[in-house]
Amino acid sequence: MAEYDPQSIEAKWQQIWEQQGAFHADLDPARPKYYVLEMLPYPSGTLHMGHMRNYTIGDSIARYKRMRGLNVLHPIGWDSFGLPAENAAIKNNIPPREWTNSNIAQMSAVCRRFGFSYDWRREISTCEPEYYRWNQWFFLRMLERGIAYRKRSKVNWCPQCQTVLANEQVVDGCCWRHETTRVESKEIEQWFLKITAYSDALLDDMKQLAGGWPERVLTMQQNWIGKSHGAKIQFKIARMEGESIEIFTTRVDTIYGSSAVILAPDHPLLPNLFQGLPGHAGMESEWNRLRQRIIRGADLATAEKEGFFTGRFAVNPFSGEMLPVWVANFVLAEYGTGAVMCVPAHDQRDFEFAEKYHLPVKVVVQPVHGAPLQADRMNQAYTGYGASVNSGPYSGLPSEKAVEKMIAGAQAKGFGEAQTTYRLKDWGISRQRYWGTPIPVVYCEKCGIVPVPDDQLPVRLPDSVQLTGQGKSPLANVPEFVNTTCPRCQSPARRETDTMDTFVDSSWYFYRYTDANNSTAPFSREAAAYWFPIDQYIGGIEHAILHLIYSRFFCKVMRDLGLIAHNEPVLRLFSQGMVLKEGRAMSKSHGNVVGAIDMAQKYGCDTARLYTLFAAPPAKDLEWDEQGIEGCARFLNKTFRLVERHAARLRTIHAAESAAVDISGATQKEKALLRRAHQTLRRVTNDFEVRWHFNTSVSLLMQLVNELAAAEPLDAEMNPAILKNIFQMLVQILSPMAPHVSEELWEILGNAGGLARVQWPAYREELAKEEQFEIIIQINGRLRGKILVDDNLGEDELRERALADPRIAHLIDGKGIGKVVVVPRKLVNIVLR
RNA sequence: GCGGAAGUGGCGGAAUUGGCAGACGCGCAAGACUUAGGAUCUUGUGGCCGAAAGGCCGUGGGGGUUCAACUCCCUCCUUCCGCACCA
């Protein structure tokens, strides 16, 4: 008898699949498609079980959908530009390309070793000119439309990376790659993509994603875009002709309650404000102190509010009141207008500030319910809505109405207007780095900024470059790259030496998969139209805002360019949980990595795959337990031996004969096992279609195998056609999750041609249906007995049978029966008086 | 502070529509086979009482609805995640 040998079985089938092109997906308008994708990996060199969990989920789905007859696109590629390659190059003196490509070779070998059903013909690597030329092409299209633009601005600078970071890459005031390195502020010229032009579209189209995307991802994106409705109001500065301070507020209805105007420490008006005031020298030192201590992120919320009075006054345009102008650390220059009105009674921050500096508290909104507010009795701000009071002509209006009327009033008198602000900022894509896509523009002394013409793309990244990891882009030191001629006037010109943020690469890569070898366009309209949108995208929650907001933005730009017709690239998104070891995410720096290849060598990839599905539902984090995987190894072993043991007898039975199962003459055992098989099929199908609880799918298969094993001797007591039918169902159902061993067993059972394209088994209700039910009998809700009854028993009969049960009769003997609840097929509950 | 998710044996987890809590697996214990076992098979395995039959308790705590609650409602606690002076 043959033993289960995963190594040889897995190698065998991987080779066969390769030869057959079993997972090649080609555009076929006659067939319904399914596009399933896992987020493309960065080629760091190692793949651990965290990656494998992600890919196993996707691969099981891909294989299942293929068995359902869909034309399945399941591609893979490499997000191969980026900083680690440069760092590795500096450290080990290997060119980034070499380092990257050898990592890709290693990692793709691991993916192949796991038997993922990718269409390898569509593999992409973003650092190849065939790919990044289209980054440049998109950039040029955006430049033409004013979506890409250059400006000098304050940027987030990571002193470790020595480059600019996008806002999305700043976490708690620190670099996303260097969690302890504080981001500095630096002013330089750089390229931006106008993602803010799509703020509303990004927000509104989230309605289409509801249901298909996790709620929390949508919430995170919504918070990130941070839309808020309010008003801009101008406060004239007293004794400064023509100067005014513009504030932003969402609660203009509280404006009669303001007792100061507060500016951010780096508000542009400030230097002027001090001019000509007595004692302004002392003020400037105070100002510098505040400016130097601008803090961000988590510290911000807990930091003590501090500020000083500038000596200036501004006029509340509604009330005519003179209000002191202050500067305070809690007002942010980059949000709204960088200035606020201070309304202590109705804003908690203002309340705290006013307490510290003894500013007056004026109640101008009274809550509808409860005791009226009294300014001198308040110990916190009242921020709710209510009715306006002490607000001139607006007194008596409900807050919502007051907001509306006051904005209209301000507009009529020309000192304010409605204003919508966003937290979202334009996406700075310039990186002072080597290993990225060159930005395709040229600086000419005569013509200024000149785009590189399409026919000169790609602007190739030179290969031999001295990397220093310091400051400016390494490309600036490569004369043959920098020095060029102006495409417009042919005079000498300089190339842009910054490269693009690698998030540009990953913003559209999934379109490239649809037409990966196209050399005249990023992809054809036909290919994108057929394959898109992505039916199922699977990846980690860490990309909830960065990648997933940028790629939505790219999709909308591509739509406006006429390349595609849809608004959203991803129909359904799934965030799988992490694989943990010793309670934390696997990473090289923690030294807790469980290598995928080690697991494949030790147990076989089918076992490793199965365990990642079995150990926890896919959305939850999973603690890797080296002992736990043994259970899956045993299960596959047991399954293999069970089928193998009977295969010789079943092999010769014709497929059609076993498919057309006739149970009219079947024995109880045959019926029971068939029933179990069809029930398993029903529930696993449900797990694939709706629930995605693959842990229960695996457990169901384990139960089916346990039951079959317990029913031995199967050869003596089973009709071989029925047994073969059951075994084939078992193998088919198992195959999306553990494909190699399933293929092998499929073959052992006498089937030729491979399982990869065989249909999912047909569910037959009449075979899954129970003939008898175990009815539980409760007394006062407590389990007291069980009876086995036929399905067709009515409620009255059930009640009688339960009451007649000797044990039950004994227990209720002499006690009055109050009520009997009968639930057909489930239970009888006898309530005693 | 705001928002979200979660809390079930020694462990991972199951319970699909309010209906047997702990499926399946790990671990552990006993046994079989064996020269051997980190292979395989069998049996047992929430806690307490009991020789057993059986009984009582039990899904973070407290309360409620219901014939019946892991599941629904109220309340509190804990953990994790996200946002965080956004005016």
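Everything quoted here is computed from the prediction, not taken from an experiment.
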Is there a Watson-Crick or G-U wobble partner for [N] with both distances under 3.5 Å, and if so, which one is it?
{"N": "B:C56", "result": "B:G47"}
{"N": "B:G25", "result": "B:C11"}
{"N": "B:U40", "result": "B:A32"}
{"N": "B:A69", "result": "none"}
{"N": "B:G3", "result": "B:C81"}

Q.
Can you classify the ring geometry of A:Trp326 versus A:Phe309 as parallel (below 30°), tilted (30 to 60°) or perpendicular (above 60°)?
A.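 The rings of A:Trp326 and A:Phe309 sit tilted, inter-plane angle from 30° to 60°.
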Q. Is the A:His678 ring parallel, tilted or perpendicular to the A:Tyr763 ring (thresholds 30°, 60°)?
A.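 The arrangement is tilted - the two ring planes meet at 30° to 60°.
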In whole angstrom, give me the gap between the [atom1] atoms of [N] and [M].
{"N": "B:G27", "M": "B:G12", "atom1": "C1'", "result": "11 Å"}
{"N": "B:C72", "M": "B:A23", "atom1": "C1'", "result": "24 Å"}
{"N": "B:C41", "M": "B:G25", "atom1": "P", "result": "11 Å"}
{"N": "B:C11", "M": "B:G22", "atom1": "C1'", "result": "13 Å"}

Distance in angstrom units between [X] [atom1] and [N] [atom2], rounded:
{"X": "A:Arg799", "N": "B:C67", "atom1": "CZ", "atom2": "P", "answer": "16 Å"}
{"X": "A:Lys620", "N": "B:U8", "atom1": "NZ", "atom2": "C1'", "answer": "10 Å"}
{"X": "A:Leu783", "N": "B:G19", "atom1": "CG", "atom2": "P", "answer": "15 Å"}
{"X": "A:Gln778", "N": "B:A21", "atom1": "CD", "atom2": "C1'", "answer": "12 Å"}
{"X": "A:Leu798", "N": "B:C67", "atom1": "CG", "atom2": "P", "answer": "20 Å"}

Q. Could you run down nucleotides 33-45 of chain B 5' to 3' and tag each one B, S or - for protein heavy-atom contact under 4.0 Å?
A. -------SS----
**Q.** Side-chain donor-acceptor contact under 3.5 Å, A:Ser391 with A:Asp253
**A.**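 There is no such pair between these side chains.
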Q: Would you mind classifying the nucleic acid contact of A:Val698 as base, sugar-phosphate or nothing, using non-hydrogen atoms under 4.0 angstrom?
A: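 No contact at all - A:Val698 keeps every heavy atom at 4.0 Å or more from the nucleic acid.
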Q. Contact class for A:Gln627 (heavy atom, under 4.0 Å): base, sugar-phosphate, or nothing?
A.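 Sugar-phosphate contact only.
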Q) So which one's nearest nucleotide on RNA chain B is more toward 5', A:Ile776 or A:Asn223? A)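 The answer here is A:Ile776.
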Q) Does a side-chain N-to-carboxylate-O contact under 4.0 Å join A:Asp715 and A:Arg645? A)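 Answer for the salt bridge query: no.
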Q. Is A:Arg807 paired with A:Asp805 through a side-chain N to carboxylate O contact shorter than 4.0 Å?
A.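 Salt bridge: no.
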Q: Could you tell me whether B:G9 is syn or anti, where syn means a glycosidic angle within 90 degrees of zero?
A: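 Chi for B:G9 falls in the syn range.
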Q: Determine whether any donor atom in the side chain of A:Arg349 lies under 3.5 Å from an acceptor atom in the base of B:A87, or the reverse, and answer yes or no.
A: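 A donor-acceptor contact between them is present.
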Q: State which residues pass side-chain hydrogen bond (donor to acceptor under 3.5 Å, both in side chains) with A:Glu542; sequence neighbours excluded, sorted by chain then number.
A: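 Scan of A:Glu542 (side-chain hydrogen bond (donor to acceptor under 3.5 Å, both in side chains), adjacent residues dropped) gives none.
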Q: Applying ring-ring contact (aromatic ring centres under 6.0 Å, His included) between A:Phe694 and each of A:Tyr64, A:Phe688, A:Phe614, report the one that passes.
A: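 One option only clears the test, and that one is A:Phe688.
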